[in-house]
Amino acid sequence: MSKTCDVAIVGVTGMIGDVLINVLEDHEFPIGRLYLVDEEASAGGRLMYKGQSLRVEPLERFDFSSVRVAVFFCAESVTAAWAPRAVEAGCSVIDGSGHFRADTSVPLMVAGANPQVLEGRTWPGIVACPDSQVVQTVLALRAVAGSGIEALSIATYQSMSTRDLDAVEGLALQTGRLLNGQPPETGALEKQAAFNLIPRTGDVDELGYTSDEVRLADDLRRIFEAPNMPISVTCVLVPVFYGNAAVVHAKTTELVDVKRLAGLIRKAPGVKLLDKPAPGGYPTPVSEATGSDSVWIGRLRQDLLDPAGLNMWIVSDNLRKGVVLNSLQTLDLLIKDYL
């Protein structure tokens, strides 16, 4: 019998709940007994998991010594308060909230890309998962890495769900009001988001880059183990509820052979290429990425200004692929090889 561990998942309500259950139902993970946990104000309900009705237990009274691993999908502040307590109780933590991603003493992992970061660690401990934009970019560029990546320029087109549930509800409210001839209310959003683009996510530093842009670049350097790689990022919020998209320009050390790279991408796990010179021959967040376990790549082409430059368009389901599946695939590897 393959090894399994009892697991707690913290933060199972809100946007993540349905996605989490769907991923758990669609895949086999080495989970023995599963505990669903959330803050007391959100606890008490039930979720169906493989024919079982599981009660959502209150975080404040949960005994982390009863499980080997806890996966945190809650707010960063909750992870900051409770993850260290879980480790003290003998429970390893997978941080899917983003709180520990900037802590260089904590391994930062994209499942299927850098499993070596778990080696030589003492468990119980913490492993962090990066933002969904990082996950899709790393997986899309994995096939290009053999050509040697010297620099990256990235523009992200992020749905409201990459922020929070308030942003999703704010977009829905604004859209409804505008379609009914009423002025939009900004609500949780700083400006009108419906039928608009917002070219700033996070606080702006002295160089004009936002905190999200800086963090994306820093995480990519860590995962690629290239601390001095030049990376320029622009993050834009778009009037879409779910899904990620990005335009990536990679400068490589070798001249780009697009056909060879397309062949490598087709063989790479976790990604799919849809790149046809015909109407609809490219992936979109809604049509291809939603509900998919893959990062989709299209518009693959050599840069006209630099023969050692490659341009691509990438999309993925930010909640399913970028957050939940990446965290649970990390769980799978941690249990099978390290616990």
Side-chain angles (χ1 to χ4, degrees), residues 2-3 5 7 19-20 22-24 26-31 69 71 73 92-96 98 100-101 106-121 123 125-149 152 154 216 219-226 229 243-246 248 250 261-274 283 288-298 300 312 314-339:
S2 60
K3 180 169 63 173
C5 289
V7 172
V19 178
L20 169 66
N22 287 338
V23 173
L24 287 170
D26 291 345
H27 296 268
E28 289 295 329
F29 295 103
I31 297 174
V69 188
V71 186
F73 290 127
S92 290
V93 167
I94 296 171
D95 174 24
F100 288 99
R101 62 188 280 193
V106 173
L108 183 67
M109 183 167 172
V110 173
N114 62 335
Q116 71 278 4
V117 298
L118 299 183
E119 297 174 0
R121 300 279 175 172
W123 306 101
I126 300 174
V127 54
C129 295
D131 183 81
S132 55
Q133 276 74 232
V134 177
V135 173
Q136 71 170 16
T137 304
V138 168
L139 293 177
L141 288 173
R142 186 172 43 183
V144 182
S147 298
I149 300 174
L152 292 171
I154 303 168
L216 175 54
D219 287 355
L220 289 172
R221 292 187 188 101
R222 277 189 66 188
I223 292 169
F224 284 126
E225 299 180 339
M229 181 188 292
N244 277 346
V248 177
L261 290 177
L264 293 174
I265 291 171
R266 288 189 180 95
K267 297 176 183 178
V271 298
K272 290 186 177 181
L273 182 68
L274 178 59
E288 283 73 33
T290 298
S292 173
D293 291 340
S294 297
V295 173
W296 291 77
I297 301 173
L300 191 67
M312 66 171 68
I314 58 177
V315 298
S316 67
D317 186 323
N318 58 298
L319 294 181
R320 183 181 176 95
K321 176 65 174 179
V323 178
V324 174
L325 187 57
N326 185 61
S327 299
L328 294 180
Q329 286 175 331
T330 300
L331 168 76
D332 184 272
L333 181 63
L334 184 64
I335 291 175
K336 288 180 177 178
D337 293 348
Y338 296 97
L339 297 183

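Along the sequence shown, residues carry numbers from 1. Computed from a predicted structure; not experimentally measured.
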Derivation and outcome, side-chain contact (heavy atoms from CB on, under 4.5 Å), residues Leu141 and Leu152: CA-CA 10 Å; Leu141 288 173; Leu152 292 171; 3.6 Å; yes
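For Arg121, there are no salt bridge (charged side-chain N to carboxylate O under 4.0 Å, His left out) partners two or more places apart in sequence or in a different chain. Qualifying salt bridge (charged side-chain N to carboxylate O under 4.0 Å, His left out) partners for Glu119, counting only residues two or more places apart in sequence or in other chains: none. In this structure, Asp95 has no salt bridge (charged side-chain N to carboxylate O under 4.0 Å, His left out) partners at least two apart in sequence or on a different chain. Qualifying salt bridge (charged side-chain N to carboxylate O under 4.0 Å, His left out) partners for Asp337, counting only residues two or more places apart in sequence or in other chains: none. Taking the side-chain contact (heavy atoms from CB on, under 4.5 Å) definition, one finds that Asp332 meets it with Phe29, Pro30, Lys336, sequence neighbours left out.
No side-chain heavy atom of Val93 sits less than 4.5 Å from a side-chain heavy atom of Phe100. Considering only heavy atoms from C-beta on, Leu220 comes within 4.5 Å of Val134 through its side chain. Between Val135 and Asn318, the closest side-chain pair of non-hydrogen atoms is not below 4.5 Å. You'll find the side chain of Cys129 reaches within 4.5 Å of the side chain of Thr330, heavy atoms only. Residues Asp293 and Gln329 form no side-chain contact, since every pair of their non-hydrogen atoms from C-beta on lies 4.5 Å or further apart.
With values rounded to the nearest 0.5 angstrom, Asp219 atom CG is found 7.5 Å from Asp131 atom CG. The distance from atom CZ of Phe73 to atom CG of Leu328, rounded to the nearest 0.5 Å, is 5.0 Å. Asp317 contributes atom CG, which lies 8.5 Å from atom CG of Asn244 (distance to the nearest 0.5 angstrom). Taken from CG in Leu331 to CG in Asn326, the straight-line distance is 11.5 Å, to the nearest 0.5 Å. Atom CG of Leu20 and atom CG of Leu325 lie 11.0 Å apart (nearest 0.5 Å). Interatomic distance, Leu319 CG to Asn22 CG, rounded to the nearest 0.5 Å: 11.5 Å.
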Name every donor-acceptor pair, under 3.5 Å, that has one atom in a side chain of residues 106-116 and the other anywhere in the protein, sequence neighbours excluded.
from: Asn114; atom 1: OD1; to: Val110; atom 2: N; distance (Å): 2.9
from: Asn114; atom 1: ND2; to: Leu108; atom 2: O; distance (Å): 2.9

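Nearest heavy atoms, Ser327 versus Gly96: OG-CA, 3.9 Å. The shortest heavy-atom contact between Ser292 and Arg320 is O-CD, 3.8 Å. Between Gly298 and Pro283, the closest heavy-atom pair is CA-CD, 3.8 Å.
Of the possible donor and acceptor atoms, none in the side chain of Arg101 sits under 3.5 Å from a partner among the backbone N and O of Ala128.
For the side-chain contact (heavy atoms from CB on, under 4.5 Å) test with Met312, the passing option among Leu273, Leu261, Val144 is Val144; the others fail.
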